[in-house]
Structure formats: C-alpha cells, structure tokens
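Written out below as structure tokens is the structure these notes cover.
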Number of protein chains: 2
Amino acid sequence: MNKRKVNEVEILDALPFLKSIEQAGIRELQRFGIFSLIPKNQFITMEGDSCQFFSFVLSGKIKVYKTAENGREITLYRLEKGQSCILTASCILSNKKFPAISFSEEAVEVISIPSPLFLEWIDKYDFWRNYVFNLLSERLSEIISVVEEIAFRNVDIRLAQHLIKITNVNKDEIQTTHQLIAGDIGTSREVVSRLLKDFEEEGILILSRGSIKIIDYPSLNAKSKKV
Amino acid sequence: MNKRKVNEVEILDALPFLKSIEQAGIRELQRFGIFSLIPKNQFITMEGDSCQFFSFVLSGKIKVYKTAENGREITLYRLEKGQSCILTASCILSNKKFPAISFSEEAVEVISIPSPLFLEWIDKYDFWRNYVFNLLSERLSEIISVVEEIAFRNVDIRLAQHLIKITNVNKDEIQTTHQLIAGDIGTSREVVSRLLKDFEEEGILILSRGSIKIIDYPSLNAKSKKV
DNA sequence: AATTCTTTGTGACAATGTCACATACTTCTG
DNA sequence: CAGAAGTATGTGACATTGTCACAAAGAATT
C-alpha cells in the first residue's frame, strides 16, 4: 500500500462536512491521518479481523458483504467518496471483530486514523460525533432496507431495481457479470441468468458476455415496481 | 398510558450501567424521565412515525418488526428489560421517520426522555454517549445476523434455531402460534405449519393448538445445526 | 347448541435454490 | 496461431419455499 500524508484540498473535497467547522479537525486529520492507496480487487478486511483503524474513502469503491459456506453472497452496502464504514465504527466502539468482508471494486484512496484516536475525537469534537452518529444512522437504514428487500421482494423485482441502480445515466450498457449481480441481490447466479434471459426474451435488454444492454428502460422500470 | 415519576431503585435495577457513574445521570433521569405503562398487545409506533421520545424498557417485551403489503412479517429484534431501541436513536439522530412497527408483546414499563434532551445528553455526558454507541453497535450486529440468516439459511434450520431460542429452560412446552413463528423467522404461516408437521412426524415434537411440546431436544438441536 | 373467531391442515401450483453439466467466449502460453 | 486453461453463461432436473384457496378443528361467545 502506498502511504503518505494528505493535503487539505483533498480532504475537504471528499469530506465537505469538515468545511463548516473549526480548523482543528482538518489539522488533526492532516497530522494523524494516514493516506493509503489500495489497488483494485483486493480484500481489505476479512470476517473476524479486528479494527485498528477508522478510514474515510477519498475515491474509489468498496463493497462490504457477507458470504455463506456454499459461496452465496449478499452485499450489505458500498462505500464511495466521502463515506466511511459503519461496521468499522461499530467494531471499534464495541471492541468486537469485523463481521463481514470488504473488497475494493475499484482502486481506493483512503485516509485512516488509529482507532484510539477515533474514540478520543468522539469525546472531544462535536462535529466529529455528529458525523459518526449520522453515519451509523444512515447505514443502519440501508441495512434494514436490505432485510426488507430480501425477506419480501421477489427476485425478478429486485433484479430490475438493481439493474436500474447500476445503470449509468448516460450509458445504456452495463459492464458486469451475472455472478456479481447475484451477490448484490442475494441470490444465485443461475437464478440471475434465467431471469435475465426472460428479460431478454421480453425485449427489455440484450445480453452478451460481461455486459447487459438496456433497450426498453420503461418496461424495466415498470418491472421494478411490480406488485 | 399510566404516567408517573419513577424512583431511583427501579431505574438502577433496569439500567445498571448508571450505577458505575456519577449521580448526575440518575438525577436527570428522575427529573426528566417520564414513566409509562403500556398494556399488552398495543402498537407503540407505526412505520413513518416521528420520534419525540427516547425510551428505556424497565420491564416487559417489545417486538420491532417490518411488514410487507401481503402481510408477511419479519422481526428485526426484541426489547427487554434494560434495553432501548436503536431505531429510535437512529431516528432522532438523523431526524428521520421510524422505519418499522413496534408492538408490546407483554405489558411494558418504560422511562422516556424527550428527544432534544437525548441529543443534549449525548454532548454532555460521556457515560450516556458510551451507552448509546454501544447500543447502536450491538443492535447493528443483530440486524446483520438477521440479514445473514434470511439470505442464506434454509427455513427448517431457522425454525429449529428459533424453537430452541424460545424454549424456556425449565419447560419443554412453548406457547405460541405458527403465525407468530412465521413472523419471527420471516416466512409464511403455511411453511411453518408444514415444517412443524414434518418435525412432529420425525418424533421431535408434539403439536397442539397454541402450543408445541419438544420431546426430542437433541434431534431438534442437531437440526438447527444442519449444513 | 349454534355462531363466530382463531388456528391449523392441505393440495396445487408458482417461484426460487441447487446441482451437475454443457457450451461459448477470452486470455494465456508455447 | 493453435491449443489449453480460465471465466462466463445456459439449461434440465429436482428440492425447497412461497402463495392461494379453501377445509377442518378447537376455543370463545351468545
């Protein structure tokens, strides 16, 4: 991992909440924050790791997920620019082990601070405390909606929703594999393949290896809202 | 709801973490805490309510769950003596609506404090902050294991686990309905009925209306750990 | 004893998950 | 460049789970 100190502009760009508050926070982050560059497709933490650092994502994308013995996966959430990991926070706060796997889907730049410092800042800085509490609250809602989706929603609807979510606004072609989609929506690859095939037969999209081209967005959208 | 002030002994009995710290916390709770007695089988909050108060459970049991349009349910967690609700905390902290239903399975005694006070105390008292953070962290792990169970574990195993969980140590007869079990493990009543029937045919338990009698605990236990 | 409500049982069928392969496309390697 | 190896997708068969519709049994009420 590539490590160095990080400058104020980079910090403020990723963490605008720091702008509104006293300089102390930024100075402290510059002083104690450790910059790391994590290459693409690396496992960052595994299930059971202990959390020595708390990190902010400056750029890139991290997937946080659980796996089953049989290889099935379920994505809990993703971290992008300006975000940080509720499970790490929770882990440090209650001194437990990290209960999931985190993996860099894209190369990631992070600033990390040692966990004792994380705890100290919570007591010391109001803005920091607010940031962490909000982080926890928001991620919690996300995870609860994951529960809801998996428990109640049919797979075809979840699939349609997910395709919409990962479709880039100005591009109708998604680069991904059925296996990755399966992990994101918590089902098996075969089910995804079958349903995508159905969608293709309905003229909603066109499949090719490693890519899905949406050709009837309105129908896909309708599917994602089906009762 | 029956409301009154509450005495120190009751508070300390339910919230032992207060013992170890300064008197200020207890005095404040006595001064501003509102005692309520909620009868059995009441809806306490509904989806979309806003959270005006933060409450501690002194006795009784509250179920916090989500429902689907078709009536299916999934229990997120239960609150008992000394606990409080992560979703309420999250709701107050990020100023959002309550995203679930809470319901008193038994008559419940709670002390509540107004949410602005909740926020004020977080800034003011270390012990309070620690309590809330720990609460959030621990409930978060619970909810993540709910995700894991629903996403990966077969229903028969979840059912066996759940039966073991709700079996009283010194009694082998459980008073409940198939419908309630279905809600707890996130499936439908019919599936629970079918699987329980299977368990009965295997000689693991005996069914009667409103009650399940475990007669072969070792087998049930084995089932709950099946690959 | 009749009525109503709640709980449980069940068959049929749809949706999803699993397993075992087959097939096709890509990349690597000599 | 051909063949091999790796990765992604397709598919049939079958098990599990979810849904629907309705029957039957037990408990509570009148």
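Worth saying up front: this structure is predicted, and the values here are computed from it rather than measured. The sequence lines fix the lettering, A, B, ..., with proteins before strands; numbering per chain opens at 1.
Shown here are the side-chain hydrogen bond (donor to acceptor under 3.5 Å, both in side chains) partners of Gln83(B), two or more places apart in sequence or in another chain: Arg139(B). Every residue meeting the side-chain contact (heavy atoms from CB on, under 4.5 Å) condition with Ser104(B), not counting sequence neighbours, appears here in chain and number order: Ile38(B), Gln42(B), Ile44(B), Val108(B). The side-chain contact (heavy atoms from CB on, under 4.5 Å) check on Lys213(B) picks up Asp172(B), Glu173(B), Ile206(B), Ile215(B), with sequence neighbours excluded. The side-chain hydrogen bond (donor to acceptor under 3.5 Å, both in side chains) search around Tyr131(A) returns Ser84(A), not counting sequence neighbours. With sequence neighbours left out, the side-chain contact (heavy atoms from CB on, under 4.5 Å) criterion links Thr67(A) to Tyr65(A), Glu73(A), Ile101(A).
Protein atom CZ of Phe152(B) is 17 Å distant from nucleotide atom C1' of dT16(D), rounded to whole Å. Between the CG atom of Asp198(A) and the C1' atom of dT11(D) there is a distance of 12 Å, given to the nearest Å. Lys213(A) has its NZ atom 17 Å from the P atom of dT9(D), to the nearest Å. If you take CD of Gln175(A) and P of dA8(D), they are 13 Å apart, rounded to a whole angstrom. The CG atom of Leu159(B) sits 10 Å away from the P atom of dT17(D) (whole-angstrom rounding). Atom CG in Leu205(A) sits roughly 13 Å away from atom P in dT9(D) (whole-Å rounding). Atom-to-atom, CD1 of Ile181(A) to C1' of dG10(D) comes out at 15 Å; the value is rounded to the nearest Å.
With Phe118(A) as the fixed residue, the ring-ring contact (aromatic ring centres under 6.0 Å, His included) test singles out one of Phe53(A), Phe54(A), Phe32(A): Phe54(A).
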Sub-3.5 Å pairs of nitrogen or oxygen atoms, protein against nucleotides 2-5 of chain D:
none

Only distances under 3.5 Å count here; give the side-chain donor-acceptor pairs of residues 90-100 of chain B to other protein atoms, sequence neighbours excluded, each with its distance to 0.1 Å.
from: Ser94(B); atom 1: OG; to: Ser90(B); atom 2: O; distance (Å): 2.9

Scan the side chains in residues 183-192 of chain B for donor-acceptor partners under 3.5 Å anywhere in the protein, sequence neighbours excluded, and list what turns up.
from: Asp184(B); atom 1: OD1; to: Thr75(B); atom 2: OG1; distance (Å): 2.7
from: Asp184(B); atom 1: OD1; to: Arg78(B); atom 2: NH1; distance (Å): 3.4
from: Asp184(B); atom 1: OD1; to: Arg78(B); atom 2: NH2; distance (Å): 2.8
from: Asp184(B); atom 1: OD2; to: Arg78(B); atom 2: NH2; distance (Å): 3.1
from: Asp184(B); atom 1: OD2; to: His162(B); atom 2: NE2; distance (Å): 3.1
from: Arg189(B); atom 1: NH1; to: Ser193(B); atom 2: OG; distance (Å): 3.1

Letter per nucleotide, 5' to 3', of nucleotides 7-17 of chain C [B base touched, S only sugar-phosphate touched, - untouched; heavy atoms, 4.0 Å]: BBBB-B---SB
